[in-house]
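So that the names make sense, note that chain A is the first sequence line, chain B the second, and so on, each numbered from 1. Keep in mind that the numbers below use all heavy atoms, side chains included, and drop hydrogens, waters and symmetry copies.
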There are 2 protein chains.
Amino acid sequence: MTLFAGPSSVNIAAVREVHCNQFRRVRPVGVATINDVAAKAGVSTATASRALNGKSTVDPALAARVLSAAAELGYQPNGPARNLRRQETAVLALIISDVENPFFTSIARGVEDVAQAVGYSVVLCNSDENPEKERRYIDVAIQERVAGVVLSPTGTAPNVDLLTARRTPLVAVDRPLPAAADMVLVDTRSAAKQATTHLISQGYDRIGCITGPAGIQTADDRLAGYKDALRASKRRTSARFARRAEFRADGAFEAAIDLLSQPDRPDALLVANSAMAVGVLEALSKLDLRLGADVGVVAFDDAPWASLVDPPLSVVSQPAYDIGKVAAQLLMARIADSSLPYTTTTLNATLITRGSSTR
Amino acid sequence: MTLFAGPSSVNIAAVREVHCNQFRRVRPVGVATINDVAAKAGVSTATASRALNGKSTVDPALAARVLSAAAELGYQPNGPARNLRRQETAVLALIISDVENPFFTSIARGVEDVAQAVGYSVVLCNSDENPEKERRYIDVAIQERVAGVVLSPTGTAPNVDLLTARRTPLVAVDRPLPAAADMVLVDTRSAAKQATTHLISQGYDRIGCITGPAGIQTADDRLAGYKDALRASKRRTSARFARRAEFRADGAFEAAIDLLSQPDRPDALLVANSAMAVGVLEALSKLDLRLGADVGVVAFDDAPWASLVDPPLSVVSQPAYDIGKVAAQLLMARIADSSLPYTTTTLNATLITRGSSTR
DNA sequence: GTGAAAGCGCTAACAA
DNA sequence: TTGTTAGCGCTTTCAC
């Protein structure tokens with residue numbers, strides 16, 4: 001494993017200091033098993049197990065002995081053994097498409113809070129918008145026999161079928177799934193329509209849209225809502241004013257430059273998430289266009305910095321934390337009772353108008 | 001489990017649609033074990049196991065039969081069983097103090113990329129700057145017998161001792177540990193000094209500092225570096241100009257309002273992270289103070305939006321991704337060889353000067 | 001109320 | 001090269 005001889009591959013200045021330390025323990029402290037606990041307490045492993053799991057059928061005096069023996073030995077149950085025997089795990093997998101996107105980390109917090117409250121752990125996996133990575137994590141989830149999965153689907157049907165074929169409880173968030181699963185979505189299409197209508201009402205005339213890759217439902221929905229609004233106000237929708245890019249700043253930057261360099265450039269933009277908004281604002285600055293006055297902007301996701309730019313950014317705020325919360329609740333319900341009918345929950349996004357959508 | 005009857009506790013408009021779906025499978029598809037695979041392939045479980053694990057000692061023809069049997073049955077190894085038997089897990093736990101802080105999610109990516117490359121999975125846990133939660137997750141990590149732990153320590157020594165007592169490979173990131181563990185840190189003190197010196201050189205005279213809670217090493221270091229710089233330039237350091245708050249926007253907002261409302265207010269501020277910077281900029285705006293001209297600001301962490309504010313925000317950029325990468329490499333090295341001496345790696349932060357630190 | 005014993009699914013001796 | 005078998009640590013019948 002010379003690969004790990006050291007982090008020499010990091011090419012930034014680093015100081016490595018080796019400290020022959022005085023803390024080194026002498027022995028690996030042979031990890032205590034339930035048998036050790038039982039022996040020390042002078043009971044059978046069965047009784048030890050019952051006491052440790054708080055079963056009421058065990059004599060209080062014995063239970064106390066077991067508990068103190070366990071404490072003295074620093075006993076920690078062996079998870080794999082317990083899970084193997086019980087054929088179940090108190091672990092949820094949360095597979096999201098981008099750990100660095102605040103929208104998804106908020107979802108994570110929602111999931112975690114609910115899970116924690118009932119003694120479940122959450123393991124967070126980052127599929128990175130990459131179907132293969134998603135598939136690997138789904139495999140891991142299956143192999144570890146997690147109790148359930150919350151997924152923001154990146155890949156195509158086959159990945160998800162792995163889960164449904166095994167009847168692993170599954171909740172899809174953010175993006176719908178053509179499968180047997182609960183879903184928690186946002187009515188992003190009508191929010192996009194509302195945001196676009198707002199721009200129109202503010203006097204913007206040639207409104208453009210920068211959205212995510214084709215095939216990602218949320219990206220498509222935002223574009224559709226945008227078109228809905230244009231149509232409703234009897235405007236032509238023109239492909240000239242719509243652009244797609246990865247859900248990232250750099251792609252949105254290119255798209256915005258491209259869009260705004262046209263002779264008959266848009267005078268307003270609907271932007272599909274906050275990372276993209278960063279790229280768009282950079283583009284405006286590069287082209288010396290004033291936010292609001294020259295180009296109105298509404299972006300999805302209420303980033304903490306949105307009100308810091310000048311003028312403050314109008315946004316479509318999505319209830320990310322609640323998405324996670326609801327998803328976890330649905331998942332727990334299904335784990336408890338797999339016969340529940342599948343549901344789709346649609347939460348509302350909220351338009352928050354600030355200065356960037358006014359001339 | 002009526003708690004989970006539904007997500008009715010979410011008090012925002014939600015549409016719940018129940019779809020009696022056409023996808024429902026008929027049977028739970030009794031999960032295939034290695035015995036089923038062996039039977040189907042007409043070999044013993046031992047041979048099946050060997051084939052599945054790619055051992056070279058098995059007849060190619062048999063191996064092929066096993067593999068196709070496994071594929072047909074949709075066989076997925078039972079992780080708990082395997083881990084129990086092998087007494088090891090290819091899983092790393094990463095316990096960070098705030099999932100919503102980009103600094104830590106960047107670390108997560110670094111850890112993940114290294115782990116993935118060698119077939120390890122990473123489970124991400126959010127201790128939320130809460131020693132009790134940290135302790136719970138450390139317990140989980142121990143119980144699941146993870147191969148190693150990367151930790152940004154929140155709690156005090158006892159938590160970590162749980163790990164070291166069991167000799168669980170451990171790498172601390174961001175904050176030092178008085179224990180037997182590798183550490184990956186940032187020379188945040190000298191970076192803070194450098195940033196403060198920069199402010200002085202730009203003609204700011206009464207420089208303040210808003211840092212994190214006492215006892216968190218990174219918070220203390222930033223304050224210390226700030227004082228170093230003042231002392232080096234023969235200025236008095238005054239407690240009047242230093243404030244502490246949680247590493248969050250709201251706390252920093254209060255602190256900044258407090259600081260800047262003084263008659264002899266600071267004319268520049270060193271801010272300890274990007275979330276706090278949001279609070280500080282909000283305070284400036286509320287008090288009608290101009291960034292740069294009235295109050296120079298340098299903040300830790302190069303957030304994507306830093307160059308969008310006007311004037312652009314000067315920052316101390318920390319090599320978060322590399323911290324994660326190095327930490328994971330060290331952890332893998334130690335997993336492979338527990339006798340390695342403990343090391344402390346210190347990476348450099350970089351001052352990026354932009355408009356906010358110029359008059 | 002307690003203990004003896006079986007067995008979850010897998011891997012690794014040990015035999016053949 | 002392959003099969004037989006023991007056993008990882010735990011929970012849970014089933015007797016007592």
Worksheet item: Do any of residues 81-93 of chain B sit with a heavy atom less than 4.0 Å from DNA chain C, and if so which?
Response: A81(B), R82(B), R85(B), R86(B)
Worksheet item: With sequence neighbours left out, which residue pairs that include part of residues 83-93 of chain B fulfil the side chain to side chain donor-acceptor pair (under 3.5 Å) condition?
Response: N53(B)-R86(B)
N/O donor to acceptor pairs below 3.5 angstrom from side-chain atoms of residues 65-73 of chain B, sequence neighbours left out:
unit_1: R65(B); atom_1: NE; unit_2: A41(B); atom_2: O; d: 3.0
unit_1: R65(B); atom_1: NH2; unit_2: A41(B); atom_2: O; d: 2.8
unit_1: S68(B); atom_1: OG; unit_2: R65(B); atom_2: O; d: 3.2
unit_1: E72(B); atom_1: OE1; unit_2: K40(B); atom_2: NZ; d: 3.2

Discussion item. Whole angstroms only, please: what is the CD-P distance between Q76(A) and dC10(D)?
Written reply: 11 Å
Worksheet item: Which residues satisfy the side-chain contact (heavy atoms from CB on, under 4.5 Å) test with V99(B), sequence neighbours excluded?
Response: R109(A), L124(A), I96(B), L124(B), N126(B)
Item to complete: Under 4.0 Å between any heavy atoms, over every strand shown, what does T33(B) touch: base, sugar-phosphate, or nothing? Just pick one.
Response: sugar-phosphate
Discussion item. Quick check against the 3.5 Å criterion: does R166(A) have a side-chain atom that pairs as donor or acceptor with the backbone of G74(B)?
Written reply: yes
Worksheet item: Between the two end axes of the helix from dG1(C)-dC16(D) to dA16(C)-dT1(D), each built from 5 base pairs, what angle do you get to the nearest 10°?
Response: 40°
Item to complete: Take atom CD of Q143(B) and atom C1' of dC10(D), then tell me their distance rounded to the nearest Å.
Response: 13 Å
Give each protein N/O atom lying under 3.5 Å from an N/O atom of nucleotides 2-4 of chain C, with the pair distance.
unit_1: dT2(C); atom_1: OP2; unit_2: D59(A); atom_2: N; d: 2.6
unit_1: dG3(C); atom_1: OP2; unit_2: S44(A); atom_2: N; d: 3.1
unit_1: dG3(C); atom_1: OP2; unit_2: S44(A); atom_2: OG; d: 3.1
unit_1: dG3(C); atom_1: OP2; unit_2: T47(A); atom_2: OG1; d: 2.6
unit_1: dG3(C); atom_1: N7; unit_2: R50(A); atom_2: NH2; d: 2.6
unit_1: dG3(C); atom_1: O6; unit_2: R50(A); atom_2: NH1; d: 3.3

Worksheet entry | L52(B) CG to dT11(C) P, straight-line distance once rounded to whole Å | 8 Å
Practice prompt. Return yes if some donor-acceptor pair links the side-chain N/O of D36(B) with the main-chain N/O of T33(B) below 3.5 Å, else return no.
Written response: yes
Discussion item. Once salt bridge (Lys or Arg N to Asp or Glu O under 4.0 Å) is applied, what residue pairs with a partner in residues 326-342 of chain A remain, sequence neighbours excluded?
Written reply: D182(A)-R334(A)
Discussion item. Run the side-chain hydrogen bond (donor to acceptor under 3.5 Å, both in side chains) test against Y75(A) and tell me which residues pass, sequence neighbours left out.
Written reply: none
Discussion item. Using the salt bridge (Lys or Arg N to Asp or Glu O under 4.0 Å) criterion, which residues pair with R135(B)? Sequence neighbours excluded.
Written reply: D139(B)
Discussion item. Could you tell me how far apart K55(B) (NZ) and dA13(C) (C1') are, to the nearest whole angstrom?
Written reply: 13 Å
Item to complete: Scan P77(A) against the nucleic acid and name what it touches under 4.0 Å (heavy atoms): base, sugar-phosphate only, or nothing.
Response: sugar-phosphate
Discussion item. Taking side-chain contact (heavy atoms from CB on, under 4.5 Å) as the definition, give me every residue that meets it alongside S56(A), ordered by chain and number, with sequence neighbours left out.
Written reply: none
Worksheet item: Closer than 4.0 Å, any side-chain N/O of N35(B) to the OP1 or OP2 of dC10(C)?
Response: no
Worksheet entry | Length of the line joining I34(A):CD1 and dC8(D):P, which is rounded to integer Å | 14 Å
Worksheet item: How would you list, by chain and number, every residue that makes a side-chain contact (heavy atoms from CB on, under 4.5 Å) with T154(B), sequence neighbours excluded?
Response: S97(B), S127(B), E129(B), P131(B), E134(B), R175(B)
Discussion item. Going by the rule side-chain contact (heavy atoms from CB on, under 4.5 Å), which residues pair with T105(A) if we only count those two or more places apart in sequence or in a different chain?
Written reply: P102(A), E100(B), T105(B)
Worksheet item: What is the distance, rounded to the nearest whole Å, between atom CD of E144(A) and atom P of dC10(C)?
Response: 12 Å
